[in-house]
Protein chains: 2
Amino acid sequence: MTSTRRPRADARRNYERLLAEADAAFKERGVDSSLESIARRAGVAIGTLYGHFPSRRALVGALLRERNEALFELGDRLLTGSAPDDRPLARSAPGTPDDRAPAGSALAGWVRAATAHAATYSGLASLLTDGLDDEASELHDSCLRMAEIGERLVARARESGAVRPDATGADVTALTSAAAWLHEHVSPAAADRLITVTLDGLAARP
Amino acid sequence: MTSTRRPRADARRNYERLLAEADAAFKERGVDSSLESIARRAGVAIGTLYGHFPSRRALVGALLRERNEALFELGDRLLTGSAPDDRPLARSAPGTPDDRAPAGSALAGWVRAATAHAATYSGLASLLTDGLDDEASELHDSCLRMAEIGERLVARARESGAVRPDATGADVTALTSAAAWLHEHVSPAAADRLITVTLDGLAARP
DNA sequence: ACCTGAACACCGTTCAAGT
DNA sequence: ACCTGAACACCGTTCAAGT
């Protein structure tokens, strides 16, 4: 039975200000920005930040909550069928009646969306990758969920013959995080290119 | 005319001890290990460390010098011809007289060697990636050299038809650093798998 | 010519004291 | 119920003073 009394007004305001300043700082200087400077910019003492967010990951997790919802909804949509067919994974031979295309482009769409998500802040790719293995991480649940969606999408693509038979969920997770890292440390274009080429390598051979 | 007087004996000893302790620390805790703890373990004051190595990158650069030589020699060997043909990039159709294979497996060998090099210490991939763009970095020259070798090897592979016509040096650099990052943050197996799949995506279609 | 370590500026994290 | 900020431990980097 969690107590659900509404928080004190000043507490709520501090919470919001901290989130806003953290978002700005993370966007500018990455997810390793100094927590002290965030508290300073939010106009609260450092202890107040720790009162609301017991760890850096908790702060990141709170900031990603809404984005996560949107991402998972996209994942569900891709899984339940109606895939937008931009950027198809396997270019189907012209004239071939092909039901591999939808599963392929659903997977491709997911990889691009998940990569964009993991590249929201610089440094986030590492945090999410670690969060997948670390049950104590506040990001663990969302990482698991992402991995699960990826796994189901490759499974579908595999069964429909869109990707090679040995393609695995780990391939999708690895590609996603590697591309997010490239997005941060090299360029968005480099990330996009890796995705294109690697998905091509994952595609089933005729 | 750089003065080449032999250094004082204690200076030389401190230099060597710092290198040894830095190597150990970087191996254990990555390239962001505290410099103060390295100096402490080497039994010298922090100023002595800075006297020998004006920056963290200088320290890393000194540690990588020998490894770099070996890597560049391999690059030259791969460029001048005699490629070992383990792990061929493009599995040539059996019975096909094929001169694409050597250029392809030379490229593959390079990507694997360069990745192993960039994964020597955890955190090194970022340092090297930044070093390529930053002329002030002590790692800049070696990064340039690596990029150059990669570029020449894809060019050869491209011309011999082993890889697709739009394959570029940037593809090789990106794959190398992304794989090195995976090696650190996920697993060596994940890095290897990305390399295999991506090289497959880069291979020319029949 | 080289080494020392204090000095300065900064940070993560906790917690007793306040309101 | 929440906030404050001092306290502690740690770090990067510089530089005057020593030998």
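Throughout, a chain's letter reflects where its sequence line sits, starting with A, and its residues are numbered from 1.
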Separation of [N] [atom2] from [X] [atom1] (nearest whole Å):
X     : N      : atom1 : atom2 : result
B:Y15 : C:dA1  : OH    : P     : 18 Å
A:L49 : C:dC15 : CG    : P     : 17 Å
B:R13 : C:dA1  : CZ    : C1'   : 16 Å
B:R12 : C:dA1  : CZ    : P     : 17 Å

Could you list the residues that satisfy side-chain hydrogen bond (donor to acceptor under 3.5 Å, both in side chains) with [X], not counting sequence neighbours?
X      : answer
B:R12  : B:E16
A:N68  : A:H117
B:E159 : none
B:R40  : none

Taking only N/O atoms, report every protein-nucleotides 4-6 of chain D pair under 3.5 Å with atom names and distance.
unit_1	atom_1	unit_2	atom_2	d
D:dT4	OP2	A:A45	N	3.1
D:dT4	OP2	A:T48	OG1	2.6
D:dG5	O6	A:G47	N	3.4

Taking NZ, NE, NH1 and NH2 as the nitrogens, is one of them in [X] or [Y] under 4.0 Å from a carboxylate oxygen of the other?
X      : Y      : value
B:R205 : A:D200 : yes
A:D23  : A:K27  : yes
B:D10  : B:R17  : no

In this structure, are over 12 heavy atoms from other groups packed under 6.0 Å from [X] atom [atom1]?
X      : atom1 : value
B:R65  : CZ    : no
A:R152 : CZ    : no
B:E28  : CD    : yes

Where along residues 50-60 of chain B does a heavy atom fall under 4.0 Å from DNA chain D?
B:Y50, B:R56
Expected output is a numbered-order residue list: members of residues 121-130 of chain B with a heavy atom under 4.0 Å from any atom of DNA chain C. What is it?
none
Tell me, which of residues 18-36 of chain B have any heavy atom that sits under 4.0 Å from an atom in DNA chain C?
none
Any side-chain hydrogen bond (donor to acceptor under 3.5 Å, both in side chains) pairs touching residues 173-184 of chain A, not counting sequence neighbours?
A:W181-A:H185
With sequence neighbours left out, which residue pairs that include part of residues 45-56 of chain B fulfil the side-chain hydrogen bond (donor to acceptor under 3.5 Å, both in side chains) condition?
B:S55-B:E138
Is it true that A:S187 and A:R193 share a donor-acceptor pair across their side chains at a distance under 3.5 Å?
no
It should be established whether B:R40 places a side-chain nitrogen or oxygen under 4.0 Å from OP1 or OP2 of nucleotide D:dC11.
yes
From B:L19 atom CG to B:N14 atom CG, the distance as rounded to the nearest 0.5 Å
11.0 Å
Stem ranges for DNA chain D, with three or more consecutive Watson-Crick or G-U pairs under 3.5 Å?
C:4-8 with D:12-16, C:12-16 with D:4-8
Sequence neighbours excluded - ring pair (Phe, Tyr, Trp, His ring centres under 6.0 Å) pairs with any residue from residues 125-168 of chain B
none
